[in-house]
Amino acid sequence: MNMPIRRQDRHHIIRLPAGERFQLRYVRPDDKERLEEMFSHASPEDARFRLLGAVHGFAAHMAEKFVHLDPETEVAIVATSLPD
């Protein structure tokens, strides 16, 4: 059974029914370049689905925002695939 990620956890591993494994963790300042890279290649539709709204010029502005959130009121979680 997958358990929810908690603030005190550094990361959490989930396994999908097909066997794929992912690590969930809170976004860190060193994720900025990876976020910029990922969203610089995202279509407008992909960005809208991921962020629940229309976004223009995401890469630099939003990556900066995500890596410097107020931990009392905001949270951003990243999922990365793990090898089998």
Side-chain angles (χ1 to χ4, degrees):
M1 174 191 216
N2 294 324
M3 300 296 293
I5 191 168
R6 296 180 307 269
R7 279 201 182 270
Q8 65 268 25
D9 293 337
R10 293 209 185 302
H11 69 274
H12 186 76
I13 306 296
I14 62 168
R15 183 180 300 274
L16 299 182
E20 297 169 289
R21 294 181 330 131
F22 293 87
Q23 175 180 290
L24 299 178
R25 64 171 174 75
Y26 291 100
V27 172
R28 304 180 305 237
D30 66 323
D31 289 322
K32 184 176 181 220
E33 285 185 22
R34 289 182 292 273
L35 288 170
E36 287 178 8
E37 175 69 18
M38 180 184 72
F39 277 100
S40 70
H41 298 291
S43 70
E45 181 181 52
D46 186 32
R48 189 180 85 244
F49 283 128
R50 290 177 187 267
L51 301 170
L52 306 175
V55 177
H56 302 286
F58 170 86
H61 172 72
M62 290 302 286
E64 181 69 26
K65 178 177 172 38
F66 278 138
V67 300
H68 294 103
L69 296 176
D70 177 356
E72 295 298 319
T73 60
E74 301 173 300
V75 65
I77 297 172
V78 64
T80 57
S81 61
L82 296 173
D84 292 333

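Source: prediction; values computed, not measured. Side chains included, hydrogens not; waters and symmetry mates left out as well; all remaining heavy atoms used.
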- salt bridge (Lys or Arg N to Asp or Glu O under 4.0 Å) involving R28 - partner list, sequence neighbours excluded: D30
- Check whether any side-chain heavy atom of F22 sits under 4.5 Å from a side-chain heavy atom of L16, and report yes or no. yes
- Message: Whether the side chain of R25 engages the backbone of H12 through a donor-acceptor N/O pair (distance < 3.5 Å, no angle test) should be reported.
- Response: no
- Residues two or more places apart in sequence or in another chain: which of them pass side-chain contact (heavy atoms from CB on, under 4.5 Å) with E45? S43, R48, F49
- Task: Using the side chain to side chain contact (heavy atoms under 4.5 Å, CB included) rule, take E36 and E64 through it: C-alpha gap first, then chi angles, then the decisive distance, then the call.
- Result: CA-CA 9 Å; E36 287 178 8; E64 181 69 26; 5.9 Å; no
- Query: Would D70 and K65 pass as an ion pair if we require N to O under 4.0 Å?
  - Reply: no
- Compare all side-chain heavy atoms of L35 with those of V27 and state whether any distance is below 4.5 angstrom. yes
- Message: Between R15 and E20, does any side-chain N to carboxylate O distance fall below 4.0 Å?
- Response: no
- Item | I13 side chain reached by L82 side chain, heavy atoms, under 4.5 Å | yes
- I would like to know whether Y26 and V75 meet side chain to side chain contact (heavy atoms under 4.5 Å, CB included); could you show each step before the answer? CA-CA 7 Å; Y26 291 100; V75 65; 2.9 Å; yes
- Task: Heavy atoms only: give me the nearest L24-A79 pair and the separation to one decimal.
- Result: CD2-CB, 3.5 Å
- Message: Within this structure, what is the NE2-CD distance for the pair H68 and E74, rounded to the nearest 0.5 Å?
- Response: 12.5 Å
